[in-house]
Structures are given as C-alpha cells and as structure tokens.
Amino acid sequence: MPRTDIEAIVEAVVAELRAGGHLSASAGDEAPLSTPSSAVSSTQAAASAPPVDPDPAVPHIDLPDPSEPEQRYAIGVDDPSDPEGLANLRAATTARITAGRTGPRPRTSSLLLFQGDHGVAQDAIYGTVEDELLERFDLFRVATVVTDQDEYLLRPDLGRRLSEEAKATIAQRCVRGPQVQIVVAAGLSAAAVNNQLAAILPVITDGLRASGVTLGTPFFIDFARVGVMNDVGEATEADAVLLLIGERPGLGVADALSAYMGWRPRPGKTDADRDLICMITDQGGTNPLEGGAYVVELLQQMLHHQASGVALRQATTGAES
Amino acid sequence: MLLRTKLYGHTFEFGSVKELLAKANEEKSGDRGAGIAADSVAERVAARLVLAEVTLETLRANPAVPYDADEVTRVIDDAVNETIFDEIRTWTVGGFREWLLADSTSGEMIRRVSNALTGEMVAAVTKLMSNLDLMLAARKLPVTAHCNNTIGLPGRLASRNQPNHPTDDVDGIRAEIYEGLSYGSGDSVIGINPSDDTVGSVARLLEMSHEVIERWEIPTQNCLLAHVTTQMEAMRRGAPVGLVFQSLAGSQKANESFGIEVGMLDEAHAMAKRHCFPTGPNYLYFETGQGTALSADAHNDADQLVMEARNYGLAKRYDPYQVNTVVGFIGPEYLYDAVQITRAGLEDHFMGKLTGISMGVDVCYTNHAVATQNDIENLAVLLTAAGANFFIGVPLGDDSMLSYQATSFHDAPSLRQLLDKRPLPEFEAWLEDLGLMRDGVLTERAGDASLFLTR
C-alpha cells in the first residue's frame with residue numbers, strides 16, 4: 001500500500017476516534033510510542049500496557065529484544081515429556097534446538113528471529129578495521145592487488161597476491177627470516193579483527209617469545225584471502241607464517257576469527273600444507289585466550305617438526321607419509 | 001579443428017573444445033572470474049549451438065586435463081565400458097539431450113549408458129538442458145545404495161542429521177542429534193563436521209554417535225567428516241565408523257590441495273570394508289561443489305561445471321552410499337546469487353544421477369551471497385520434485401559451526417508432506433515404532449528432543 005494511503009487511513013481513523021470522544025488530541029499523537037520499554041516478555045508487556053484504548057484499530061505493541069538470550073533460547077516445545085531434561089539439552093548448545101514447531105514448520109518467533117539474525121549479518125559484512133586498533137599493536141597496513149570490496153568478493157585469486165607496493169613496504173619495514181611471521185587481515189569480517197584481536201594477539205606473542213621463538217614485524221593486509229600467506233612467506237622468508245583472518249559471518253555470530261598457519265609457505269603451497277584453528281570468538285566458539293594458546297602450541301609443533309598441514313599430521317601421528 | 005557458427009548474422013568461433021564448453025555454460029561468477037565465460041549472452045547461445053553438434057567421442061578425446069597428466073582423468077576414462085561406448089560414440093550432445101528426455105528412453109537404458117560416460121560428456125549435455133529438463137531427466141534416474149538402510153528409492157527423501165557444534169562439545173552435539181531425530185532427520189546419516197580434526201576428538205564423537213545409534217537401535221550410520229587420514233587413524237584405533245568421508249575435487253592438482261590422492265582413497269575404501277560396523281556394501285560418503293578446483297587454482301582453464309562432473313566420475317569408483325554437492329557454501333565468487341545457486345543445485349543433482357551415484361544436495365548459502373532462506377526452500381522443493389536422495393538437516397537451518405545456512409530439521413518433514421515423500425523405509429518403521437510419525441506425518445510427540453532422555 002502506498003505510504004500516502006496509509007497516512008490517509010490513519011488520519012481518518014484518528015479523526016473518527018476524536019469525534020467519538022475515545023481519544024484526546026495529545027494521546028492520539030503519543031499513544032503508539034508511550035509504552036514504558038523494558039525487557040519483559042511479550043505477555044507481561046501486554047498485561048502491563050496502559051489501556052489507553054481498547055479499540056483494535058489502534059495497536060499498542062512494544063516488544064522486548066528477541067535476540068537477547070532469554071528469548072533466543074526460550075523453549076517452544078508444547079508439553080515436553082521431560083521439561084527439565086529438555087532445558088538441560090537446551091543449555092548444552094547455542095544451536096537453535098528445542099524451539100518447537102507448528103505442523104512441520106517453525107514457530108513464528110523462531111522464523112522471525114532467524115530473519116533478523118540473517119539481516120544483521122548481511123548488514124555487518126562491509127565493516128572496516130579500526131585504525132586505532134592497528135596502531136595499538138603497531139601493525140602497518142599493506143594491501144593485495146585487489147582495489148575494492150566488490151572485486152574482493154568476486155576475485156579471490158587477486159586477494160592471494162600482495163601488491164608490488166606491499167612487497168616494497170614489507171622489504172623496507174620487516175625483519176627478514178624470523179621463525180614466526182604474524183599477519184592480520186579482515187577477510188570477510190572486520191568485526192572479527194575488531195572484537196578478537198586485542199585478546200588473542202598478546203597471548204600469541206607473549207607465548208611465543210616466552211619459549212624463545214623469534215618474531216617478525218607484524219602487519220595488516222587489506223583485501224586478503226588465506227592464500228596470501230604464500231606471498232607473505234616469500235616476502236619475509238619466515239619459517240612459519242600465522243595469518244589471523246576474519247571468517248565469513250555466521251548467523252548471529254559475525255565476529256569469528258580463524259588462525260591459519262603454515263611451515264615455510266611459498267607460492268604453490270595449498271590448504272593441505274596449512275593448519276587451522278577456526279571459530280575463535282567469545283560468542284560461543286573457542287574464546288580468543290584459549291585460541292591463542294592453541295596457536296602457540298601448534299606453531300611450536302610446526303617449528304619442531306619443520307612441517308605443517310598433512311605432513312605435520314603424519315609426523316605427529318607417526319602415520320606413513 | 002573448427003568450431004564455428006553464425007547467429008543473427010554474426011560469426012562466433014571457438015578455439016578448443018574446452019573453450020566451447022566453458023562458453024556454453026550457464027552464467028557463473030566463478031567462470032567469469034577465471035576469464036573463461038562467454039563475453040555476451042549471444043556468444044553463450046552460439047557456443048551451445050556448436051556444442052549440440054559435438055560428438056561424445058570428441059568429448060572423450062578432449063578431457064579437461066590430459067590423461068597422462070591427471071589421475072582423475074585416468075580413473076574416469078579407464079572405467080568407460082568400451083562396448084557401450086562404441087554404441088554411443090557418434091551421438092551428438094544435442095541428440096543425447098533428446099534421447100535422455102524422450103519418453104521411450106527408460107531409466108534402465110540411461111543407467112546402462114552411464115557406464116560409458118566421462119565427466120566432460122555429462123557436463124556437456126547438462127549445459128544444453130533447461131532447469132525443468134534437469135529435473136525431469138533426474139527423476140528418471142533413481143540410484144539406490146545400502147549401508148544400514150536403503151537410500152534412493154522413489155518416493156523416499158532422506159535427511160542427514162548434521163549436529164555440528166563450534167567446539168565439538170559432546171553434550172551439545174548429542175542434544176542436536178536428539179533434536180534432529182525427533183523431527184525424523186538422520187536416516188541418511190548422523191554426520192558431524194568436527195571443528196577439531198584430531199584423532200582423539202574425532203574418535204570421541206564417533207563413540208558418542210555410535211552409542212546413540214546402538215541405544216535407540218536406529219537403522220542408520222554415523223560419520224565424522226574429518227580428513228580421510230584422520231578417520232583411517234581412528235579406524236586403526238578401533239573407533240566405530242559407519243561411513244568414511246572425504247571432500248573431492250575434479251583434478252589431481254585440486255585433490256592434492258585437499259591432501260588426498262586416488263591411492264589414499266583406494267586404501268580408505270578397502271579399510272572401510274574391513275572396519276565399518278554397518279551392513280554395507282556402500283561405505284563411502286563424498287562432498288563436492290562447483291568452484292572447488294578453481295579455488296585451488298587447479299581447474300586447468302576448464303569451467304566449474306566440467307570440473308564438478310569429474311568429481312562424480314571419481315566418486316563412482318568407490319560405490320558411495322551417498323554424495324552431495326555443498327552447492328552454495330563456496331561463496332559469491334563462484335555462485336553469485338540465488339539464480340546461480342539454484343541452477344548449480346539442479347545441475348549437480350542431475351549430473352550425479354546421470355553418472356550413477358546416490359546423489360543428494362546440501363542446499364545452502366552463505367551470508368555474503370545474494371540469497372535468503374526463501375531461495376533455498378525453493379531449491380529444496382525443486383530438488384525433491386527431481387528425486388534428490390537426501391538433504392542436510394541442521395537446527396532451524398543455522399549451522400553453528402560452519403557459519404552457513406542450510407535446510408533445517410523442519411524442512412525434511414515439510415518437503416515430505418508437500419510432495420508425498422517418506423523417510424527411508426527402515427527409518428520410517430523406526431519412527432513409527434517410537435510414535436514419532438504416522439502415515440508419513442509427524443505426530444504430537446515429534447519435535448520433543450527430551451523423548452530421547454528416556455532410555
């Protein structure tokens with residue numbers, strides 16, 4: 001319906017109500033907005049709503065946030081056989097279980113929350129990494145040969161190649177041949193770097209330094225894909241490269257970081273030569289402090305066995321190569 | 001070699017069979033990124049006009065990667081039934097399409113011809129087919145397999161119970177398994193993608209899922225979708241494995257990027273037959289997806305449909321229980337939007353069935369693709385109509401570990417109800433025994449995971 005039609009109808013209804021004495025002029029202007037907002041459930045909200053007007057033509061709706069845990073994890077199963085047991089199952093995972101059904105379909109609340117989560121994730125994809133954060137950790141900025149976000153999404157091959165300018169900057173500013181070179185990239189979620197880096201990076205650098213590992217000069221790469229590690233390895237001549245990169249956002253968790261690691265990455269190396277710790281986030285994944293400790297442990301193994309990926313797995317399990 | 005046509009007065013000429021195949025492909029962002037797509041819509045149609053006249057023997061003689069250089073090409077070509085190939089070698093791709101769709105051509109007849117096809121032939125005919133062509137032809141081609149139950153029978157639609165958890169928490173995954181079972185998901189497999197690909201973690205989840213299967217006497221199997229070498233090590237240590245899994249790609253080089261080779265898969269297959277606990281005889285499970293070879297820079301200038309078709313030829317070597325394309329997982333750089341994802345899902349399902357494997361689809365998308373849940377609900381309906389063997393089931397469509405959206409535990413019963421499908425027969429009987437399903441419809445008890453706390 002066109003907006004002007006809606007406005008006309010609202011005006012007509014309000015005029016009618018005023019004529020009938022149901023509504024004062026000021027209440028008519030404020031009623032839809034004046035309900036006290038609080039995080040109460042919808043039924044409580046309905047019960048406590050001031051009965052400004054019982055006329056159904058004037059809706060009075062003021063909802064709590066359905067993305068808050070209380071509602072997100074509400075149980076929607078009618079008459080469960082073991083209510084307490086079901087609550088325990090509900091508490092065991094952040095996955096969308098015990099939400100119930102109507103016929104074979106989801107209930108209205110879970111359908112709409114899903115749509116809200118998807119909307120927020122889509123809106124969050126195009127964020128940027130804060131300069132302040134990079135300055136705080138002394139990360140200088142270089143880029144791949146990609147020039148904008150659309151090209152980044154459509155041309156992953158370009159996101160694996162450092163620009164000539166980047167290579168020159170790295171040659172100028174970075175220590176050559178460290179044991180571990182750390183690089184950071186937004187990937188598909190700047191929010192991952194913004195939210196997790198400050199927690200994970202000190203754990204990694206302190207942990208590695210404490211065990212006597214020499215670190216390269218860290219930097220940040222714009223428009224990077226995981227494969228950029230090969231160019232980083234070549235440019236820095238590092239024994240091992242660690243790339244902390246934002247994962248593509250999930251539903252309701254848009255800030256998970258991945259840690260990719262490789263032994264002497266050089267052009268031609270593939271995922272099979274890399275190790276990965278994924279889903280590093282304080283929103284239901286591996287929390288960044290713990291994730292940082294795993295990264296340190298894996299890098300130590302990598303340096304010890306001088307191998308990564310499938311080769312490292314074979315070295316550590318003793319399987320034949 | 002001359003590959004040329006006129007169209008509306010313009011001359012279009014193509015330099016090689018590979019180029020012709022790529023330009024005949026439906027629009028895919030991956031092919032465009034690789035620089036091999038048609039430059040215009042007219043050029044795409046011109047390529048199809050020429051492709052329709054190419055013979056099947058020409059396609060066999062021009063594989064995407066040369067025989068001597070690629071073990072995937074060798075696996076597929078060496079498996080061609082030469083007697084049947086002699087009967088079809090002079091068929092044109094256009095003629096092949098019409099033969100597939102003709103009412104006088106039965107599924108049995110197609111199944112026989114499947115034994116003489118290479119991936120390039122399968123992909124070529126797919127490029128000439130419309131979406132409805134792909135559905136109608138696939139519907140003719142039921143492929144069944146058996147592990148602890150029978151998948152692929154007409155009138156049946158299975159659901160993989162995919163209870164992933166971001167940190168592999170055993171209790172969390174068990175809760176999700178119960179939830180899925182209560183909706184009738186799990187007849188294809190209880191298949192977990194581990195976050196931690198170590199033997200200890202994988203073995204722990206194999207033990208737990210096997211214990212649920214045993215305790216509830218569920219006619220199904222479990223699977224941990226770790227790297228195949230991790231699963232082999234778990235088997236060596238005696239962990240209970242139902243299906244052995246691996247992701248495949250369409251060239252030797254791309255498979256090397258996954259850390260696999262044919263010899264390794266052969267070994268895994270042999271080990272599965274010695275170690276897996278179910279009845280069998282089909283013990284393998286593969287996942288694939290358009291764009292995989294390109295993402296590993298191992299497509300050898302071939303388009304993503306051709307590379308995908310070659311996956312199925314490789315998979316067939318192992319008589320898999322099930323194969324699915326993870327169609328929208330790879331992202332917008334390969335399949336840009338819902339139109340491309342929908343097309344790819346229909347193509348992949350048809351190509352799998354034409355190759356002769358038990359084919360399902362992970363109907364899915366990521367948050368950076370131009371698609372919504374409505375789009376994949378649409379595709380799931382189309383694929384159910386086309387006879388897909390199974391879909392994925394995750395809680396309300398949201399995989400909390402892999403960060404993508406797929407079909408839900410709710411979707412399998414919805415699709416079954418909508419298009420008159422039932423769960424796999426052994427599993428349906430089990431659901432009826434538990435009182436979760438009656439005459440193909442969920443009962444009042446369904447959807448209550450706490451039911452599984454009672455034994």
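These numbers were taken from a predicted model, which means no experiment stands behind them. Computation of the quantities below employed the complete heavy-atom set of this structure, encompassing side-chain atoms and omitting hydrogens, waters and symmetry-equivalent molecules.
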For chain B, find which of [options] contributes the most heavy-atom pairs closer than 4.5 angstrom.
options: A/D78, A/L153, A/N88; result: A/L153
options: A/Q115, A/M279, A/R248, A/R105; result: A/R248
options: A/G100, A/C278, A/G85, A/G285; result: A/G100
options: A/A95, A/G76, A/G227; result: A/A95
options: A/L86, A/L251, A/D82; result: A/L251
options: A/L111, A/T98, A/V310; result: A/T98

Is chain A contacted by the side chain of [X], its backbone, both, or neither, given a heavy-atom distance below 4.5 Å?
X: B/D171; answer: both
X: B/A371; answer: backbone
X: B/A446; answer: both
X: B/S414; answer: both
X: B/Y334; answer: side chain
X: B/A449; answer: both
X: B/T372; answer: both
X: B/H368; answer: both
X: B/D411; answer: both
X: B/E333; answer: both
X: B/Q405; answer: side chain

_Less than 4.5 Å to any heavy atom of chain B: does that hold for the side chain of A/R160, its backbone, both, or neither?_
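Just its side chain gets close to chain B.
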_Which atoms of A/R225 approach chain B - backbone, side chain, both or neither, heavy atom under 4.5 Å_ =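 Just the side chain, heavy atoms under 4.5 Å.
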_Name the residue from A/N287, A/N195, A/D255 that meets the side chain to side chain donor-acceptor pair (under 3.5 Å) definition with A/T281._
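Filter result, single survivor: A/D255.
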*asked:* Give me the atom names and distance for the closest heavy-atom approach of A/A224 to A/I245.
replied: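 Nearest heavy atoms, A/A224 then A/I245: O-CD1, 3.6 Å.
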Reported [atom1]-to-[atom2] distance for the pair [X] and [Y], which is rounded to 0.5 angstrom:
X: B/Y183; Y: B/N161; atom1: OH; atom2: CG; result: 12.5 Å
X: B/N255; Y: B/M264; atom1: CG; atom2: CE; result: 10.0 Å
X: B/S182; Y: B/M437; atom1: OG; atom2: CE; result: 11.0 Å
X: A/S81; Y: B/L453; atom1: OG; atom2: CG; result: 7.0 Å

Closer than 3.5 angstrom, by distance alone: can the side chain of [X] be matched with the main-chain N or O of [Y] as a donor-acceptor pair?
X: A/S110; Y: A/P106; value: no
X: A/S308; Y: A/W263; value: yes
X: B/S159; Y: B/S185; value: no

Below 4.5 Å, heavy-atom pairs only: which of [options] has the largest tally toward chain A?
options: B/P332, B/A296, B/S450; value: B/S450
options: B/L402, B/L442, B/T230; value: B/L442
options: B/G259, B/G33, B/G180; value: B/G33
options: B/S408, B/G397, B/S295, B/A412; value: B/S295

*After noting the C-alpha distance and the side-chain angles of A/E247 and A/S258, does the key distance pass the side-chain hydrogen bond (donor to acceptor under 3.5 Å, both in side chains) rule?*
CA-CA 6 Å; A/E247 292 176 10; A/S258 273; 2.6 Å; yes
*asked:* Looking at B/Y336, I'd like to know if its OH atom is crowded, meaning that more than 12 non-hydrogen atoms belonging to other residues, nucleotides or ligands lie closer than 6.0 Å.
replied: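 No.
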*Side chains of B/Q162 and B/D399: is there a donor and an acceptor less than 3.5 Å apart?*
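Looking only at side-chain atoms, B/D399 and B/Q162 do form a donor-acceptor pair, the distance falling under 3.5 Å.
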*Step by step, work out the side-chain contact (heavy atoms from CB on, under 4.5 Å) result for A/Y152 and A/L188.*
CA-CA 9 Å; A/Y152 177 69; A/L188 285 163; 4.0 Å; yes
_Out of the candidates B/V199, B/T198, B/T229, only one should pair with A/R313 under the side-chain contact (heavy atoms from CB on, under 4.5 Å) rule; please name it._
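It is B/T229, the one option of B/V199, B/T198, B/T229 that forms the side-chain contact (heavy atoms from CB on, under 4.5 Å) with A/R313.
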